[in-house]
Amino acid sequence: MHQTIEITVHYFAKLRDLTNKEKESIEIAIESTPKDIYKQLNEMYGLPDNPNLKIAINDSFASWESELQDKDKLVFIPPVTGG
Amino acid sequence: MFLITEEIILPNNIELKFPSSKVGAKSIFEGIVRDNNLGKSVKKLEYQCYEELAIKEGSMILKEAVQKYKIDDAFCIHRTGKLEIGETAVFVRVFAAHRDDSFQACRYIIDEVKKRVPIWKKEIYESGESDWLKGAG
């Protein structure tokens, strides 16, 4: 049996509208990366195919290739439009 | 200091007193909600914010401004939630000895905030439609 860990994904802006969720906990395979998770979410919610998104893990910018750990907070950050 | 608030920003209530007698310049930038964009009539705006990272990134921008320019102090506050036309969305205030550094630092801060701080703007139009603006990043 594959080992799994649990992370929380937070959604903002367009992604929040598409998922209809502010956040959710998901169970993922160990050694998963944000890239793997986005692929799953894309299939579940029909998120954009070629997103221009940045990644944050535990409130710091991170890479699409980072290995996620148990209890991590993952955020996909759309291009910002403040000001 | 970089702050995020859901409350109406009242510039007159923000501490604007000069921090020391060495300060000879104060620059302020205030971004205000306008009633149109790209030919569409805007009824109101909604800002969403990833607050933990926004405060981190915003504070970093203010720190960079202090290192880059000869300024004494920098302050920025950004609104979130639903905003009416005419309300203040963002306010930047810089104190410096001279005007050049004061103007440049103020410009640097608002430009970087717009590029880097995780805040998103949704326009709600008179027609009843609404849309998240597409960022340049």
Side-chain angles (χ1 to χ4, degrees), chain A residues 6-26 28 33-35 37-38 40-42 44-83, chain B residues 2-5 9 29-34 37-38 45-61 76-81 83 88-92 106-124 129-137:
Chain A
E6 191 178 89
I7 63 161
T8 311
V9 188
H10 292 240
Y11 302 107
F12 291 97
K14 192 84 176 171
L15 301 183
R16 184 176 291 184
D17 288 357
L18 288 168
T19 58
N20 207 19
K21 285 176 182 162
E22 285 189 26
K23 60 178 178 177
E24 67 180 323
S25 293
I26 57 172
I28 62 170
T33 65
K35 205 172 175 179
I37 306 306
Y38 191 82
Q40 292 175 26
L41 295 169
N42 168 280
M44 276 171 70
Y45 297 114
L47 303 185
D49 278 336
N50 295 300
N52 180 15
L53 304 172
K54 288 183 178 166
I55 302 297
I57 298 173
N58 302 330
D59 303 330
S60 292
F61 286 111
S63 129
W64 282 89
E65 313 296 337
S66 312
E67 193 177 301
L68 291 158
Q69 308 295 321
D70 194 33
K71 309 291 178 215
D72 272 353
K73 170 183 175 183
L74 171 64
V75 185
F76 296 101
I77 303 176
V80 304
T81 52
Chain B
F2 184 91
L3 300 175
I4 298 291
T5 182
I9 297 171
F29 173 81
E30 195 179 343
I32 297 166
V33 180
R34 64 173 187 277
N37 191 29
L38 303 171
L45 290 187
E46 183 186 341
Y47 285 97
Q48 237 174 53
C49 175
Y50 174 8
E51 193 160 336
E52 295 87 344
L53 189 56
I55 287 175
K56 238 187 214 183
E57 196 65 10
S59 302
M60 177 70 74
I61 291 167
C76 179
I77 185 166
H78 202 300
R79 180 86 186 274
T80 59
L83 278 73
T88 300
V90 59
F91 181 95
V92 181
C106 194
R107 177 73 196 240
Y108 177 80
I109 292 165
I110 186 60
D111 286 354
E112 294 300 308
V113 164
K114 286 176 79 87
K115 270 189 266 182
R116 289 162 50 187
V117 176
I119 296 176
W120 300 274
K121 186 185 326 194
K122 186 184 218 174
E123 289 182 337
I124 297 144
E129 296 171 319
S130 63
D131 205 6
W132 290 102
L133 291 193
K134 290 172 185 65

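Predicted, not measured: the structure shown is a model, and the values here were computed from it.
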Parallel, tilted or perpendicular: ring planes of A:F76 versus A:Y38, cut at 30 and 60 degrees: perpendicular
Is [X] in contact with chain A via its backbone, its side chain, both, or neither, using a 4.5 Å heavy-atom distance?
X      : answer
B:Y47  : side chain
B:K121 : both
B:K56  : side chain

Donor-acceptor pair, distance only, cut-off 3.5 Å: does the side chain of [X] make one with the backbone of [Y]?
X      : Y     : result
A:R16  : A:Y11 : yes
B:W120 : A:P78 : yes
A:N58  : A:D72 : no

Between B:A89, B:P118, B:G31, the one whose heavy-atom pairs under 4.5 Å with chain A are most numerous: B:P118
Set of side-chain contact (heavy atoms from CB on, under 4.5 Å) partners for A:N20, sequence neighbours left out: none
For A:K21, salt bridge (charged side-chain N to carboxylate O under 4.0 Å, His left out) partners two or more places apart: A:E24
Salt bridge (charged side-chain N to carboxylate O under 4.0 Å, His left out) against B:E57, all qualifying residues, sequence neighbours excluded: B:R116
Minimum side-chain heavy-atom gap B:V113-B:V92 below 4.5 Å: no
Residues of residues 59-67 of chain A near chain B, each having a heavy atom less than 4.5 Å away: A:D59, A:S60, A:F61
